[in-house]
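Quick note on labels: first sequence line is chain A, next is B, and so on, each numbered from 1. Note that the structure is predicted; figures quoted are calculated from it, not measured.
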Amino acid sequence: MNDNEWPSEWLRGVLGVCVLRVLLDGPSYGYAITQRLADAGLGTVKGGTLYPLLGRLEEAGHVEVEWRPGEGGPGRKYFALTDQGRREAADQAARWASFTTTTRALLDGAPSARRSR
Amino acid sequence: MNDIQHGTRPGRGGLLKDPGQIAPHVEKGWRDDFIIELRLLGVSGDRIGDALATVDSHVAESGEGAGEAFGDPVPNAREVAASTGAGQAWSITRWTVLGNVAGLLGMLAAVRALTGWLEGGPLEVTVGDGVGLLLLLVLVGVLLRWPARLVRVVVEHRVAVPLLAPVVLVGAFVGVFLLLRETWFEVGVLPVALAAVALLAVSVVAAWVDTPPDGDQIVAPGQGPRPGAAVRVGGALILPVLTLLLLGLTWAVHLLG
């Protein structure tokens, strides 16, 4: 995956879906989530962007919070999906896939697509 | 202001002071601005502690500074307030302003009463006193009308305001008192002394009412608050204690002079 900077408007749109997807793999904490997103090729997500999003997810009931003591350092605030959150994560992932299919159908119809693949 | 007075007492939690142990990895300037904005937005102490610990944890692990990882503290504070509920806890209220103003007036009245008594005569209230009082009432009116906004101005102009405000205020009041010295009327020492006591009593009550029972201290997640009674009593008694000190000083100066 390339490490270029994606347009921030695109990232703003997809961040919620992606964070929910990361949490589907299990409870995680803020910094680890940013690492996971960076490893996936989405670039660096700042704390000032991520935590308000997680806060909104918590407010909506998709996520619950648990502080766990850290190993020798400060504790970590773990975010875990609730049952409602798991349904939301799956739902959003499916809808985003459908969205990308739709947009690709439009974009792939551009002239260069005339070259047979 | 009561909160700032709390914050400058060593070893006390208080309303503005972060014990420091909650967010040791965060730059002090960023931390202070964050806490002040959260207090102004009325976010409760335990939620402030949670937000601080979250920032600290992230900063410690990422190795970035808070400014780099989170940007400006004020928008972050607003996000926290938006998702946790603002306006639920202590913020600057009319009680805060009333308590402080009544206390200051009581202190000034007490000193004037003592000077008058020591000089053996009735107090001469000058025109300058009257105009000065009017100025003070206007100031109070402004403070009562827009308390949080004014504190924000002070906080946002941390260099300009502490330099200019005392100069302007002292200059205005001194000017008024010096230039308008004709006696307006005379009043006995006793009424002024009684007024001083009444005003100080009002300030104690207002400060007591204003401070939440446990002091709404900033606590880390999972931590309980330290006993808050001391915070509340201390805050309420600051101005009377200062008044007594000032009276003592006035007496000493008079004895020496």
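Side-chain N or O atoms of Ser57(B) include one that pairs as donor or acceptor with a backbone N or O of Gly75(A) at under 3.5 Å.
The shortest distance between side-chain heavy atoms of Arg56(A) and Glu79(B) falls below 4.5 Å.
The candidate with the highest count of non-hydrogen atom pairs below 4.5 Å against chain A, out of Gly71(B), Ser62(B), Ala60(B), is Ser62(B).
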Item to complete: Check the pair Glu64(B) / Lys46(A) against side chain to side chain contact (heavy atoms under 4.5 Å, CB included), numbers first and verdict last.
Response: CA-CA 10 Å; Glu64(B) 292 177 312; Lys46(A) 291 295 185 185; 3.0 Å; yes

Worksheet item: What's the verdict on side chain to side chain contact (heavy atoms under 4.5 Å, CB included) for Glu61(B) and Tyr29(A), showing C-alpha distance, side-chain angles and the deciding distance?
Response: CA-CA 11 Å; Glu61(B) 296 221 43; Tyr29(A) 57 98; 3.2 Å; yes

Fill in: Derivation of the side chain to side chain contact (heavy atoms under 4.5 Å, CB included) call for Thr54(B) and Trp67(A)
CA-CA 9 Å; Thr54(B) 306; Trp67(A) 276 94; 3.5 Å; yes

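A parallel orientation is assigned to the rings of Tyr51(A) and Phe70(B), their planes being inclined by less than 30° (bins at 30° and 60°).
There is no contact between Asp72(B) and chain A, counting heavy-atom distances below 4.5 Å. Looking at Thr34(A), the atoms closer than 4.5 Å to chain B (heavy atoms on both sides) all sit in the side chain, from C-beta outward.
Heavy-atom contacts from other residues, nucleotides or ligands closer than 6.0 Å to CZ of Arg95(A) number 12 or fewer.
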